[in-house]
Amino acid sequence: MHSRRSLGALMLLFVLAVCFVTKPGITPARPQNAEPYKATLAIRLDQPRWTINRNIYGHFAEHLGRLVYDGLWVGEDSPIKNTRGLRNDVVSALKELHVPVLRWPGGCFADEYHWRDGIGPRDKRPRRPNASWGGVDSNAFGTHEFLELCEMLGADAYINGNVGTGTPQETMEWIEYMTSDSDSDLANMRRRNGRDKPWKIPYFAVGNETWGCGGQMRPEFYADVYRQYATFIKNHAGNRILRLASGSHDDNYKWTEVLMAEAARHMDGLSLHYYTLPTSNWDKKGSATQFGEKEWHATLVRTLRMEEFIQRHSAIMDKYDPQKRIGLMVDEWGTWYDSEPGRDMGALYQQNSLRDAVVAGVNLHLFQKYGDRVRMANIAQMINVLQAMILTDKEKMVLTPTYHVFRMFRVHQNATMIPTDLSTPEYKIDNASVPSLSVSASRDAQGRVHLSVVNLDPKRPAVIDTTLFGGAFKSINGEVLTAREINAVNTFENANYVRPATFEGFEKRGAQLSLSIPAKSVVMLELK
Ligand code: AHR
């Protein structure tokens with residue numbers, strides 16, 4: 001009788017424990033006692049390479065869904081606290097990321113945007129249908145609002161011009177309006193609209209996805225169109241614009257080949273777009289939150305294809321530009337899932353889980369690894385759209401796991417890339433495999449070494465025997481981002497469920513360092 005009762009109590013405890021660790025829709029925790037795997041790492045401080053272009057940590061804000069309106073812009077009369085219409089909570093969170101560059105107004109939207117709609121008194125601005133993404137754009141957020149946002153964030157402005165429905169004259173006049181300090185009508189119009197000093201516009205792109213939503217062009221045709229538009233991108237008042245051509249996507253190597261052969265001389269950058277879909281199927285991309293280990297693994301396999309795309313597009317660029325004058329600008333990248341159930345499909349709103357943090361970490365590592373050619377990368381997109389930093393719901397705001405990775409990784413911006421030699425087992429499922437770890441190191445101007453480590457294995461921690469060549473350190477500290485579940489998210493009700501914590505999994509033995517990296521985590525270490 002007695003033992004039956006204790007058995008019953010034990011079973012009740014078990015059921016309670018299961019209910020506690022497995023909230024509905026959350027994939028259960030890994031076994032806590034998983035055997036760690038071993039890896040070795042050499043940090044080659046004796047072989048410093050290029051400066052990591054801070055623009056690799058760039059962002060993208062398109063007039064799409066609730067990114068610009070709601071996410072950034074609430075208007076001066078909103079009950080949500082704002083500075084000249086821009087949300088204070090969002091702007092101050094973004095400042096923490098040290099946003100280096102911000103791309104605007106699209107995306108597909110760029111090729112239907114006419115800049116004159118977005119200047120002058122707001123109540124006189126036309127309301128236009130957003131033909132790419134649905135709804136009507138009030139044009140309340142236009143050139144002045146965008147450039148004011150860039151100034152608040154300390155970010156460089158990257159404007160994507162309109163080729164699909166625009167003209168070279170419209171492009172030329174927009175640039176004059178923004179950057180001229182002369183006594184011209186357009187410069188005076190800018191002054192009348194409240195901005196005396198010309199702005200600096202360091203990056204201007206000629207169309208977006210001109211092989212698709214930007215005009216369904218063939219590369220030969222676009223190469224000529226590009227040359228024509230690029231001719232009218234003029235420098236005024238000491239401003240120097242880098243001219244960017246609308247580039248390829250995924251493995252469309254022909255586009256890069258033709259553009260480089262026909263227009264390399266006229267460009268400073270060529271873009272590349274690649275989105276990570278867990279399934280590779282645009283009709284059924286996969287859920288942002290309802291997934292198990294198979295989808296986790298498949299997502300990582302697909303996201304790591306970025307390396308092959310960078311290598312092969314770069315190899316074509318090398319043929320025409322061996323000096324690497326032209327940057328490969330990965331100005332759209334990130335995860336793209338099925339829209340949240342019950343949400344407007346055109347708004348591209350999706351949740352963001354620990355999986356997105358890992359995707360962010362491994363891609364940022366790749367951009368750093370190929371930083372001699374990759375000069376900019378802009379994650380898609382900043383707020384409420386695709387792999388966002390921030391989600392908002394009226395006055396509420398949530399920082400996503402991806403936000404935390406960008407905040408942790410900001411120390412790599414403008415630091416010197418330090419090569420690493422990593423030996424790590426593969427993380428396999430069926431016939432596909434990825435390296436179980438991804439690492440990147442840099443040394444900043446103060447001599448501090450930063451090492452970021454991503455453990456892609458969702459079950460097994462890693463023990464890494466690390467050796468520094470060409471340098472020593474006295475102290476070490478770090479941060480770790482992980483969670484109990486692979487699909488852990490931050491919600492408006494539980495905004496800090498996934499957040500960085502102090503990392504203590506290191507042991508220093510002379511110049512040797514032993515690192516214990518938790519399963520499914522992103523770690524940033526500082527050695528000084
Ligand atoms: O980021 C969403 C869309 O994806 C962009 O508008 C377009 O350039 C790409 O196809």
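Whatever order the structure lists them in is the order used to number ligands and atoms, beginning at 1.
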Tell me the contacting part of [X] for ligand 1: side chain, backbone, both, or neither, using a 4.0 Å heavy-atom threshold, strictly below.
{"X": "Asn208", "value": "side chain"}
{"X": "Tyr275", "value": "side chain"}
{"X": "Trp333", "value": "neither"}

Legend entry - side-chain hydrogen bond (donor to acceptor under 3.5 Å, both in side chains) partner of Thr402, the single match among Asp356, Thr335, Asn352: Asn352

[X] heavy atoms, cut-off 4.0 Å: which ligand 1 atoms fall inside?
{"X": "Glu209", "answer": "7 (C), 8 (O), 9 (C), 10 (O)"}
{"X": "Cys108", "answer": "5 (C), 6 (O), 7 (C), 8 (O)"}
{"X": "Leu386", "answer": "1 (O), 2 (C)"}

Inset, instruction - Compute the centroid of each ring, for Trp104 and then for Tyr113, and state whether the two points are separated by less than 6.0 Å. - result: yes

Inset, instruction - Report the relative orientation of the aromatic rings in Trp174 and Trp115; use parallel for angles under 30°, tilted for 30 to 60°, perpendicular for over 60°. - result: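 Taking Trp115 first and then Trp174, their aromatic rings lie parallel (interplane angle under 30°).
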
Inset, instruction - Apply the test side chain to side chain contact (heavy atoms under 4.5 Å, CB included) to residues Thr83 and Val91: give CA-CA distance (whole Å), side-chain angles for both, the deciding distance (0.1 Å), then the verdict. - result: CA-CA 9 Å; Thr83 304; Val91 169; over 6 Å; no

Inset, instruction - Test the Arg305-Tyr274 pair against the cation-pi criterion, namely NZ or CZ under 6.0 angstrom from the six-membered ring centroid and within 45° of the ring axis. - result: no

Legend entry - Intermediate values then yes/no, side chain to side chain donor-acceptor pair (under 3.5 Å), Asn363 and Thr303: CA-CA 7 Å; Asn363 278 283; Thr303 211; 2.9 Å; yes

Legend entry - From the candidates His63, Glu332, Gln387, the one that places a heavy atom nearest atom 7 (C) of ligand 1: Glu332

Legend entry - Within-shell test, Phe109 vs ligand 1, heavy atom, strictly < 4.0 Å: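 Checking ligand 1 against Phe109, which is what was asked, there is no heavy-atom contact under 4.0 Å.
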
Inset, instruction - Give the residue, atom name and distance (to 0.1 Å) of the protein heavy atom nearest atom 6 (O) of ligand 1. - result: Glu62 OE1, 2.7 Å

Inset, instruction - Quick one: closest heavy-atom pair of His412 and Ser452, and the distance? - result: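 Nearest heavy atoms, His412 then Ser452: NE2-OG, 2.8 Å.
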
